[in-house]
Amino acid sequence: MSHIQLNINEVRPFLTEQPESLQKKVSEIHKVIHEKTGQGSDYLGWLDLPKTYDKEEYARVLAAAKKIRKQSQVLVVIGIGGSYLGSKAGLEFLSEPFKKGKLEIIFAGHHMSGKYLANLLEYLSNKKFSINVISKSGTTTEPAIAFRVLKRALEEKFGKEEAKERIYATTDKKRGALYTVAKQNGYEMFIIPDDVGGRYSVLTPVGLLPLSAAGINTKLMLKGAKDAMVRFSKPKLESNEAYLYAATRYLLYTSGKKIEMLVGYEPSLLYLNEWWKQLFGESEGKDHKGLFVASAGFSTDLHSLGQYIQEGERDLFETVIHVEDSGKDVLIPEESNDLDELNYLKGKPISYVNLQALKGTMMAHKDGLVPNILLTIPGFDPYTFGYMVYFFEKACAMSAYLIDVNPFNQPGVEAYKKNMFALLGKKGYEHILK
């Protein structure tokens, strides 16, 4: 039995063709994925990563995490896209709200706000901190700027010798600007494998170092991912929920749906949504194809987007994540005057109300001609997070191949950069503005 339960019963009535009819095509693509013969196959290193990851390097990750917790109050993780979204998703998924750990994790280099960076420097001025800079090339503009600024602040605070003991570089194994800087300065280095793209890199040191430093049991994360890898290693749709999810969303897409919304009813899911958006958006959105991926946090967004979802354009569907046990809970108290008319709920846990909101919303949206896929997970724990990461990665590869695009490149991401470099006056880009 899968650790993640997939229910597509509320989608089937919307389909003229059922996912099981795609079994032959799915089996063919499964073979292409596992024999590594498809587009972008040089970037399928994530496929067996939960089993083949470098055990010696992982031991160094755990040792570095321990050292960071001992030497610092704050770890600043510098990265953008896949270099930060997986870690951020894991931290939000696995951390208790409002609970301060011994080590605070702060992210930088994921935008170009001078205000944010100035305030961060102020905040760090009286704190012991370390840096984990993550970039395969070391030349991506946003993290490169942040690293310049924060490295200077670290060196001014601790001196160059101690600063180099507080900087950890996660980068290419043998080339690139960050690799060169790390080698020249003696920073401890961790490797982003050549065959793993950024959005598939959560289970590499990209995600493992920040999450381990935060005190999260990444061994359990890797165990969850490994069990998912085994579960989804066969092509049969009846036992491969990742492929069934991919096939279902493909049929919705080919039937005219253009937007998929990932919806959760717990705030701890919000950054999982953000990671998912990058994973599917960058993997599928090319050659003028692919679903537009969006997300919402319910019941909050039912008071903003809810009207549109219920009665707007009928070109969307929802994938809803239900968490069976969200952990701590609160019982609703009784009030003598009952002015808010809630006494009928006295003694009920808030999670019960949340669940009825989920069920009622799914019913309403189905009646409003919005198909709903339901994903149920047991709770918020490292094993489940690792399992979910692999589930979505495997589903994403299948989804992209179903619409015949390369799941592992992102050529469109470069367009804005070329214009930006020309406007900034970078050498070699002058012709763009002519």
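Numbers for residues simply follow the sequence, beginning at 1.
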**Asked** Under 4.0 Å between a Lys/Arg side-chain N and an Asp/Glu carboxylate O for R231 and D227?
**Response** no
**Fill in**
Applied to residues 89-102, the side chain to side chain donor-acceptor pair (under 3.5 Å) test, sequence neighbours excluded, yields K88-E92
**Message:** Using a 3.5 Å distance criterion without hydrogens, assess whether the side chain of K136 forms a donor-acceptor pair with backbone atoms of P193.
**Reply:** yes
**Item:** Side chain proximity check, K164 to E155, heavy atoms < 4.5 angstrom
**Value:** no
**Asked** Is it the case that more than 12 heavy atoms not belonging to R314 sit under 6.0 Å from its CZ atom?
**Response** yes
**Request:** Hey, can you tell me if W46 and F408 have their rings parallel, tilted or perpendicular (30° and 60° cut-offs)?
**Result:** tilted
**Crowding at CD, E17 (>12 non-hydrogen neighbours, <6.0 Å)** = yes
**Message:** Determine whether a donor-acceptor pair (N or O, by modelled atom type, separation under 3.5 Å) exists between the side chain of E241 and the backbone of Q5.
**Reply:** no
**Asked** Is the Lys NZ or Arg CZ of K394 less than 6.0 Å from the centre of Y390's six-membered ring, within 45° of the axis?
**Response** no
**Asked** Below 4.5 Å, heavy atoms only, C-beta onward: do L124 and K157 meet side chain to side chain?
**Response** no
**Prompt:** Given side chains that start at C-beta, do those of M221 and N217 come closer than 4.5 Å, heavy atoms only?
**Reply:** no
**Item:** Aromatic plane relationship, W276 with F280 - under 30° parallel, 30 to 60° tilted, over 60° perpendicular
**Value:** tilted
**Message:** Donor-acceptor check, side chain of E266 to backbone of F93, threshold 3.5 angstrom: yes or no?
**Reply:** no
**Atom of V61, atom of S212 and distance for their closest heavy-atom approach** = CG1-OG, 4.1 Å
**Message:** Show every salt bridge (Lys or Arg N to Asp or Glu O under 4.0 Å) that has at least one partner inside residues 39-57, sequence neighbours left out.
**Reply:** E57-R60
**Prompt:** Under 4.5 Å between any side-chain heavy atoms of Y43 and N406, yes or no?
**Reply:** no
**Request:** Applying ring pair (Phe, Tyr, Trp, His ring centres under 6.0 Å), name anything that partners Y265, two or more places apart in sequence or on another chain.
**Result:** F298
**Complete:** ring-ring contact (aromatic ring centres under 6.0 Å, His included) test vs Y245 passes for just one of Y250, F232, F391, F317, namely F391
**Request:** Run through R249, K289, R199 and flag the one making a salt bridge (Lys or Arg N to Asp or Glu O under 4.0 Å) with E284.
**Result:** R249
**Message:** Test your reading of the model: is there a side-chain donor-acceptor pair from T171 to the backbone of S135, 3.5 Å cut-off?
**Reply:** yes
**Item:** Within-4.5 Å side-chain heavy-atom neighbours: W275 and M388
**Value:** no
**Request:** Give a yes or no on whether a salt bridge exists between K277 and E274, defined as a side-chain N under 4.0 angstrom from a carboxylate O.
**Result:** yes
**Message:** Do Y187 and V133 make a side-chain contact, defined as non-hydrogen atoms from C-beta onward lying under 4.5 Å apart?
**Reply:** no
